[in-house]
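Protein chains get the first letters and strands the later ones, always in sequence-line order, with residue 1 at the start of each. Computation of the quantities below employed the complete heavy-atom set of this structure, encompassing side-chain atoms and omitting hydrogens, waters and symmetry-equivalent molecules. Small disclaimer: the values here were computed from a predicted structure and weren't measured.
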Number of protein chains: 2
Amino acid sequence: MYTDNKNKHIPKISIQRLAVYLQVLESLDVDGVEVITSEPLAKACDVNASQIRKDLTYFGEFGVRGVGYNVKSLMASISEALGINREWPTVLVGAGNLGRSLVGHNGFKQTRFKIVGVFDCDPFKIGEEIAGLEVVCTQRLKEKIADLKVEIGIIATPPERAQRAANHLVSAGIKGILNFAPARIFVPTYVNVEYVDYFHYLYSLAFQITHDKR
Amino acid sequence: MYTDNKNKHIPKISIQRLAVYLQVLESLDVDGVEVITSEPLAKACDVNASQIRKDLTYFGEFGVRGVGYNVKSLMASISEALGINREWPTVLVGAGNLGRSLVGHNGFKQTRFKIVGVFDCDPFKIGEEIAGLEVVCTQRLKEKIADLKVEIGIIATPPERAQRAANHLVSAGIKGILNFAPARIFVPTYVNVEYVDYFHYLYSLAFQITHDKR
DNA sequence: TGCTGTGAAGCTCTTCACAGCC
DNA sequence: GGCTGTGAAGAGCTTCACAGCA
């Protein structure tokens, strides 16, 4: 049963792990597994078993002592805990190569996150169609976001235009931003920002490989 | 001066922050800033100033007391510390939509990471050309990796084929894997793996927005 | 019996506060 | 005087170890 624990502070890193647990549970479910204990689940997620149990107790008691966790119902509980068991309309700012490939991403078919608007300030791009969505002038963000009750914006502009895109999104009333542009952005504290730059992971690999050699 | 400190353990999270510092320094450099102190740099990176100073001392003493850090030389020192001040040839496994858009990513023009080979096991894709690279059968990974001294492999296959791609890469002698497939992979401990799934960031935003409302 | 849920211990990372140096 | 570099204190997360329960 999902019981939000309003009192405890939940580490952000636990949230990130819940996403991993969910991914692994989904593949277990596909394989027909119905019940799993924390130990093998931990192995599959590459974490400690009590880590999993502790992360889950932030949100409730989902297991059965002596038995384990029901795969399907744990998936449902985690989805509810994360808040992803409902539609999340999003808007995309930036209709370049990156933006275009984001629109086509499988995740938007498989999850309840949807791109409902594509914006760009380039007059050459405005009016173009991407996967059934017309590219609209960034000036019109506010009306669209209000109309469609959008809370999350995705920035896929070149770095020098990221801050401007963020400003538009913020003044349109957005609550969260996923920023693919390789640039830091400044927003009021009530707006949540997540940065995605996979070259940082390549840097991390380069570092690890370089230092393994010693 | 870069001085590798072989004795100290360097937290992985420090490495990730170094990538952020580098990004911010690059944009300061573009703006013509020559010297910066830890305080404003920290603000721009959204971290604590002593965090930066501590992270940097894992690798040496780069600042001048009473003055600050020279932007250009700090960039060079961080690049050296991360090990990204040299060419890093990589191979891509998976020539679908995702793979295609990775090949075109700007980062491969702006950094010294390069994709030097594209592999797929789909006979329909083999022989195709992507940005000047011929798609080659995955069976031929080993020779290519040996020939071109490739140490990093990028997996951009569907999730069900990720493990097979990883196995091929490992037996070809790869040392690090960047995995874009939404699936966990199992590799020997001497192989480093980084996972990229930006839907996890959307989950995190959804969680934060859901809980902000209280 | 077997596995979850959890207080407490342990450990790692972060921040403080100031010595050290330009 | 001012800012870096750093030992020590503090905070937060992870893991242990076992009570609790099916």
Side-chain angles (χ1 to χ4, degrees), chain A residues 1-5 7-21 25 28 33-75 77-78 81 204 207, chain B residues 1-5 7-21 25 28 33-75 77-78 81 204 207:
Chain A
M1 193 54 226
Y2 171 86
T3 335
D4 188 10
N5 195 327
N7 307 318
K8 262 181 216 144
H9 168 250
I10 300 165
K12 194 164 174 181
I13 197 164
S14 293
I15 301 305
Q16 292 169 16
R17 280 192 300 261
L18 288 183
V20 174
Y21 304 160
L25 287 166
L28 288 170
V33 178
E34 291 186 1
V35 174
I36 190 159
T37 63
S38 61
E39 189 55 53
L41 181 59
K43 279 232 172 69
C45 299
D46 205 18
V47 299
N48 181 294
S50 29
Q51 182 85 266
I52 293 190
R53 298 201 299 273
K54 176 84 70 177
D55 285 340
L56 293 176
T57 56
Y58 287 129
F59 297 97
E61 306 199 358
F62 305 126
V64 180
R65 291 168 200 225
V67 179
Y69 301 90
N70 178 285
V71 172
K72 273 201 188 344
S73 81
L74 185 55
M75 284 167 61
S77 300
I78 292 178
S204 190
F207 173 79
Chain B
M1 193 53 227
Y2 171 87
T3 335
D4 187 10
N5 194 328
N7 307 318
K8 261 181 216 144
H9 167 249
I10 300 165
K12 193 166 176 181
I13 197 163
S14 293
I15 300 305
Q16 291 168 18
R17 280 192 300 262
L18 287 183
V20 174
Y21 306 158
L25 287 166
L28 288 170
V33 178
E34 290 185 2
V35 173
I36 191 158
T37 63
S38 61
E39 190 56 52
L41 180 58
K43 279 230 172 67
C45 299
D46 204 19
V47 299
N48 181 293
S50 28
Q51 182 85 266
I52 293 189
R53 298 202 297 275
K54 178 83 70 178
D55 284 342
L56 293 176
T57 55
Y58 288 128
F59 297 98
E61 305 200 359
F62 305 126
V64 180
R65 289 167 201 227
V67 179
Y69 301 89
N70 177 284
V71 171
K72 272 202 191 338
S73 80
L74 185 54
M75 283 166 60
S77 300
I78 292 179
S204 189
F207 173 79

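When the side-chain nitrogen and oxygen atoms of A:Q51 are compared with OP1 and OP2 of D:dT15, one or more of them lie within a distance under 4.0 Å. The phosphate of D:dT14 has OP1 or OP2 within less than 4.0 Å of a side-chain N or O from A:R17.
B:S38 comes within 4.0 angstrom of the backbone, heavy atoms only, and of no base. Residue-level contact check: A:S50 touches the bases, meaning some heavy atom is under 4.0 Å from a base atom.
Going from atom CZ of B:R65 over to atom C1' of D:dT4 covers 5 Å, rounded to whole Å. Note: CD1 (A:I10) to C1' (D:dC13) measures 14 Å, nearest angstrom. In this structure, the CD1 atom of B:I13 is 10 Å from the P atom of D:dT14, given to the nearest Å. In this structure, CZ of A:R53 is placed 16 Å from C1' of D:dC13, rounded to the nearest angstrom. Atom NZ in B:K54 sits roughly 14 Å away from atom C1' in D:dA11 (whole-Å rounding). In this entry the distance linking CD of A:E39 with P of D:dT15 reads 12 Å, nearest Å.
With a 4.5 Å cut-off on side-chain heavy atoms, A:Y21 and A:I78 count as touching. Two residues are said to be in side-chain contact when any heavy atoms from C-beta on lie closer than 4.5 Å; A:Y69 and A:M75 fail this criterion. A:R17 is listed as a side-chain neighbour of A:Q51, based on a closest heavy-atom distance under 4.5 Å.
Put simply, chain B comes within 4.0 Å of DNA chain C, heavy atom to any atom, from C:dC13 to C:dC22, going 5' to 3'.
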TODO: Apply side-chain contact (heavy atoms from CB on, under 4.5 Å) to B:F62 and B:T57, showing your working.
DONE: CA-CA 8 Å; B:F62 305 126; B:T57 55; over 6 Å; no
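Toward the 5′ end of DNA chain D lies the nearest nucleotide of B:L56, the other residue of the pair A:V67 and B:L56 mapping further downstream.
Atoms CG and CG, from A:L25 and A:L41 in turn, are 5.5 Å apart once rounded to the nearest 0.5 Å. In this structure, OG on A:S204 lies 7.0 Å from CD1 on B:I15, to the nearest 0.5 angstrom. Taken from CG in B:D55 to CD in B:Q16, the straight-line distance is 11.0 Å, to the nearest 0.5 Å.
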